[in-house]
2 protein chains.
Amino acid sequence: MTAVKRADARKNIESIMDAATACLARDPDVSVAEIAKAAGVGRVTLYGHFESRATLVTQVVARAIQQSDEALGAVDLDGDPRAALRRLLEASWKLTQQYGALIVAAEQSMPHEQFQAIHVGLIDRWKPLMERGRSEGSFRDDQPLQWQLTLLQSVLHAASGAVYRGEIDAAEAAGLIDGTIQAALTAPE
Amino acid sequence: MTAVKRADARKNIESIMDAATACLARDPDVSVAEIAKAAGVGRVTLYGHFESRATLVTQVVARAIQQSDEALGAVDLDGDPRAALRRLLEASWKLTQQYGALIVAAEQSMPHEQFQAIHVGLIDRWKPLMERGRSEGSFRDDQPLQWQLTLLQSVLHAASGAVYRGEIDAAEAAGLIDGTIQAALTAPE
DNA sequence: GAGATAGTGAACGTCAATGTACAGGTTAAG
DNA sequence: CTTAACCTGTACATTGACGTTCACTATCTC
């Protein structure tokens with residue numbers, strides 16, 4: 001009963017998780033074979049470390065969620081809501097670029113409740129700031145909070161797609177996102 | 001060589017197209033079996049009328065595109081750009097609800113160029129109004145037009161998802177979409 | 001250097017979906 | 001009423017992905 005795995009095994013597990021993250025971020029339906037190839041590893045090796053495609057996805061998602069949660073938790077949400085929003089958007093944009101469609105893969109491969117729990121956890125990083133901004137009059141509150149949260153996600157996702165298709169430059173995306181969201185959260189007149 | 005098909009055959013073809021539209025709008029990956037069941041028809045019958053899944057999707061998409069194009073073409077785009085935008089958004093929202101994820105199915109089942117042609121055709125319904133609104137000062141022009149077009153689609157899609165998940169009411173969606181887009185197209189200050 | 005640990009490709013069984021073939025039962029249309 | 005057109009369920013071949021087994025090789029660790 002070895003307590004720790006061999007060095008090459010650990011390295012391969014890392015490679016697989018990284019490759020799976022990258023692949024799933026692009027296409028939530030990638031085959032295990034492709035992930036293995038991208039990781040520079042035999043398909044059988046992958047199955048030696050992960051019981052099934054589902055468990056691999058689950059673990060990859062778990063890691064991504066953890067890192068995302070840490071990254072968002074490190075953002076300073078105090079002070080002017082608009083400035084805080086900008087900081088939060090910038091951090092979220094980086095995560096969106098990194099993980100892209102991974103969320104879709106998660107939705108398809110995980111039990112619905114588990115996914116819901118994770119998703120809610122991430123959304124809750126946004127909620128307090130949005131609520132504060134609304135009550136302080138920085139953001140419009142003539143629309144449901146839930147809709148505004150959905151909108152945030154949607155715009156980030158849209159930007160990710162636009163960059164992927166080459167419609168906009170990755171460098172200018174952050175500015176566009178911020179400019180768009182800030183405007184969308186401003187009531188007319 | 002019968003010139004016209006029998007009445008029940010025509011009726012079944014209709015049922016299949018309708019069912020396929022509804023199913024594909026919800027899930028771009030529905031199986032042929034499910035579509036047939038939804039149409040109240042045997043799977044074999046479906047294959048009697050459509051060579052393959054791909055041709056079925058293509059025909060369904062073609063019909064949807066044609067109806068969409070007609071609906072959008074009927075919208076009055078003259079006068080105040082803001083008012084015209086509201087009319088165009090309302091029409092587009094109806095189409096989005098009807099066809100939902102059908103566009104995704106099209107992307108997966110059709111040759112890329114053909115899809116591109118169709119997509120560009122639909123986008124072009126928006127472009128002139130957006131360009132006019134920008135040059136007349138009604139809409140902000142400090143962001144790429146392409147990004148604003150992407151944003152429009154994204155918001156419509158987001159609303160569709162939100163309604164599906166029960167987050168917002170279908171009745172209020174149109175107002176939210178318009179309120180959001182109008183604000184997003186307004187430059188701050 | 002020896003042995004446990006890990007990696008490899010090839011082969012296999014399973015499963016779900018696509019598409020086809022067939023043998024009969026229905027029904028529209030003249 | 002007759003018949004050709006149509007529908008149906010079952011069965012089958014095919015494909016692609018998943019997951020496992022096996023015999024063998026490579027390499028980490030002590």
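Proteins come first, then strands; the chains are lettered A, B, ... in the order of their sequence lines, and each starts at number 1. Quantities reported herein were computed from a predicted structural model and do not represent experimental measurements.
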Specify the separation, in whole Å, of atom [atom1] of [X] and atom [atom2] of [N].
| X | N | atom1 | atom2 | value |
| --- | --- | --- | --- | --- |
| A:Glu51 | D:dT21 | CD | P | 12 Å |
| A:Asp8 | D:dC28 | CG | P | 6 Å |
| B:Tyr47 | D:dG9 | OH | C1' | 16 Å |
| A:Lys11 | C:dG7 | NZ | C1' | 11 Å |
| A:Asp29 | D:dC18 | CG | C1' | 14 Å |
| B:Arg53 | C:dA17 | CZ | P | 11 Å |
| A:Phe50 | C:dA6 | CZ | P | 14 Å |
| A:Ile16 | C:dT8 | CD1 | P | 9 Å |

Practice item. For the pair B:Trp126 and B:Leu89, evaluate side-chain contact (heavy atoms from CB on, under 4.5 Å) and give the outcome as yes or no after the intermediate values. Key: CA-CA 10 Å; B:Trp126 285 89; B:Leu89 279 172; 3.7 Å; yes
Point to revise | Polar contact flag, side-chain donor to acceptor under 3.5 angstrom, A:Arg82-A:Thr186 | key: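 There is such a pair (donor and acceptor under 3.5 Å, judged by atom type) between the side chains of A:Arg82 and A:Thr186.
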When you measure from the side-chain N and O atoms of [X] to the phosphate of [N], is any distance below 4.0 Å, counting only OP1 and OP2?
| X | N | result |
| --- | --- | --- |
| B:Ser31 | C:dA17 | no |
| A:Asn12 | C:dG7 | yes |
| A:His49 | C:dA6 | no |

Practice item. For the pair B:Arg63 and B:Thr21, evaluate side-chain contact (heavy atoms from CB on, under 4.5 Å) and give the outcome as yes or no after the intermediate values. Key: CA-CA 9 Å; B:Arg63 193 180 64 164; B:Thr21 303; 3.4 Å; yes
Closest to the [X] side chain, choosing from [options]:
| X | options | answer |
| --- | --- | --- |
| B:Ala9 | D:dC7, C:dA6, D:dG19 | D:dC7 |
| A:Lys5 | D:dT29, C:dA6, C:dT20 | C:dA6 |
| B:Val32 | D:dC18, C:dA28, C:dT18 | C:dT18 |

Exercise for review: Hey, which sits more toward the 5' end of DNA chain D by its nearest nucleotide, B:Arg43 or B:Gly40?
Suggested key: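 First, find each residue's nearest nucleotide; the 5'-ward one identifies B:Gly40.
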Point to revise | 5'-most by nearest nucleotide on DNA chain C - B:Ser52 or B:Ala7 | key: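 Mapping each residue to its closest nucleotide by heavy atoms, the 5'-most match is B:Ser52.
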Practice item. Find which nucleotide of DNA chain C each of B:Arg10 and A:Leu46 is nearest to by heavy atoms, and output the residue with the more 5' nucleotide. Key: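 On the 5' side of the pair lies A:Leu46.
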Check your understanding: With a 4.0 Å cut-off on heavy atoms, is B:Arg6 in touch with a base, just the backbone sugar-phosphate, or nothing at all?
Key ->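 Base contact - B:Arg6 has a heavy atom under 4.0 Å of at least one base atom.
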Point to revise | Touch class at under 4.0 angstrom, heavy-atom based, for B:Val44 against every strand present | key: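 The answer is base, as B:Val44 lies within the cut-off (heavy atoms under 4.0 Å) of a base atom.
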Review point. If you take all heavy atoms of B:Met130 and B:Phe139, which pair is closest and at what distance?
Key: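 So the two residues come closest at O-CD1, 4.0 Å.
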Point to revise | Among B:Leu95, B:Thr96, B:Ile181, the one residue meeting side chain to side chain contact (heavy atoms under 4.5 Å, CB included) with B:Leu156 | key: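 By the side chain to side chain contact (heavy atoms under 4.5 Å, CB included) criterion, B:Leu156 pairs with just one of B:Leu95, B:Thr96, B:Ile181: B:Thr96.
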